[in-house]
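First up is the structure itself, then whatever we jot down about it.
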Amino acid sequence: MATQIVTLVGVLIGALTSYLATAIAERAKFRRTMTTRWDERKLDTYIEYISCVKEIMRAAREALRARDREEDTTGALAEMEAIEAKRSILFESFILLSNEAAATAAHVVNQQAWDLLRVTRNPANGEAALEEVPLVTALNALHAAARADLAIGRG
């Protein structure tokens, strides 16, 4: 009888150990899967937001060039405003997914984008006024912060 109890206790301990090891492994696998999923979502959001800012820059430059040539700027300005509305929405996703450093860099990009919009909306400004807005520098800082957040370049 004692041998059977020892055997039964051994089987129970083995089953419990096997269950715990499997549960821990599955939990770690789930965490890795979720981290990967969020990193993929972050990357997509970062790319979409930065691309949108670049589109604003392109539309602003196009509007200011047209103004310098004394052409109609209505279409380029309308496109710039539409892209700005999209950028504003994308910014919310960016902030929700990013770490603090990337969020801070994105706030600087926003400020520079608003300055670019202000300069472009002023009918007295031409393409030369773009030099006053260091948006590319702010974007470079955002790229670095996003790479760090995504652990790109770290082995």
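The ring-ring contact (aromatic ring centres under 6.0 Å, His included) search around Phe94 returns Tyr46, Tyr49, not counting sequence neighbours. Scored by the ring-ring contact (aromatic ring centres under 6.0 Å, His included) test, His107 finds Phe91 as partners (sequence neighbours excluded). Residues forming a salt bridge (Lys or Arg N to Asp or Glu O under 4.0 Å) with Glu127 (at least two apart in sequence, or on another chain): Arg61, Arg65.
Remark: Leu77 CG to Asp72 CG distance equals 8.5 Å, nearest 0.5 Å. If you take CZ on Arg41 and CG on Leu97, they are separated by 6.0 Å, rounding to the nearest 0.5 Å. Distance check: Leu135 CG to Leu139 CG gives 4.5 Å after rounding to the nearest 0.5 Å. In this structure, the separation between CG on Leu116 and CE on Met80 is 7.0 Å, given to the nearest 0.5 Å. Residue Ile56 holds its CD1 atom at 6.5 Å from CD1 of Ile83, rounded to the nearest 0.5 Å. The distance from the CG atom of Leu64 to the CG atom of Leu130 is 5.0 Å, given to the nearest 0.5 Å.
Electrostatic pairing of Arg58 and Glu62 counts as a salt bridge here, judged by a charged N lying under 4.0 Å from a carboxylate O. Ionic pairing of Arg87 and Glu84 is present here: one or more N-O contacts between side-chain nitrogen and carboxylate oxygen are shorter than 4.0 angstrom.
Criterion: ILVMFWY side-chain heavy atoms under 4.5 Å apart, direct or through other members. Under it, Val108 and Leu117 are not part of a common hydrophobic cluster. Under the 4.5 Å side-chain heavy-atom criterion for Ile, Leu, Val, Met, Phe, Trp and Tyr, Met57 and Ile47 are members of the same hydrophobic cluster. Taking hydrophobic clusters as Ile, Leu, Val, Met, Phe, Trp and Tyr residues chained together by side-chain heavy-atom distances below 4.5 Å, Ile5 shares a cluster with Ile13.
Annotation: side chain to side chain donor-acceptor pair (under 3.5 Å) contacts involving residues 11-23, sequence neighbours excluded, are absent. Residue pairs that meet the ring pair (Phe, Tyr, Trp, His ring centres under 6.0 Å) test with at least one member in residues 111-131, sequence neighbours left out, do not exist here. Sorted by first and then second residue, the salt bridge (Lys or Arg N to Asp or Glu O under 4.0 Å) pairs involving residues 88-117 (not counting sequence neighbours) are Asp115-Arg118.
The shortest heavy-atom contact between Ala63 and Thr73 is O-CG2, 3.2 Å. Smallest separation of non-hydrogen atoms from Gly126 and Asp68: CA-OD1, 3.1 Å.
Using modelled atom types, no side-chain atom of Asn125 and backbone atom of Thr120 make a donor-acceptor pair closer than 3.5 Å.
The only member of Ile50, Thr104, Leu142 that meets side chain to side chain contact (heavy atoms under 4.5 Å, CB included) when paired with Val109 is Leu142.
Put simply, the side chain of Ser98 does not reach to within 4.5 Å of the side chain of Lys42, judged on heavy atoms.
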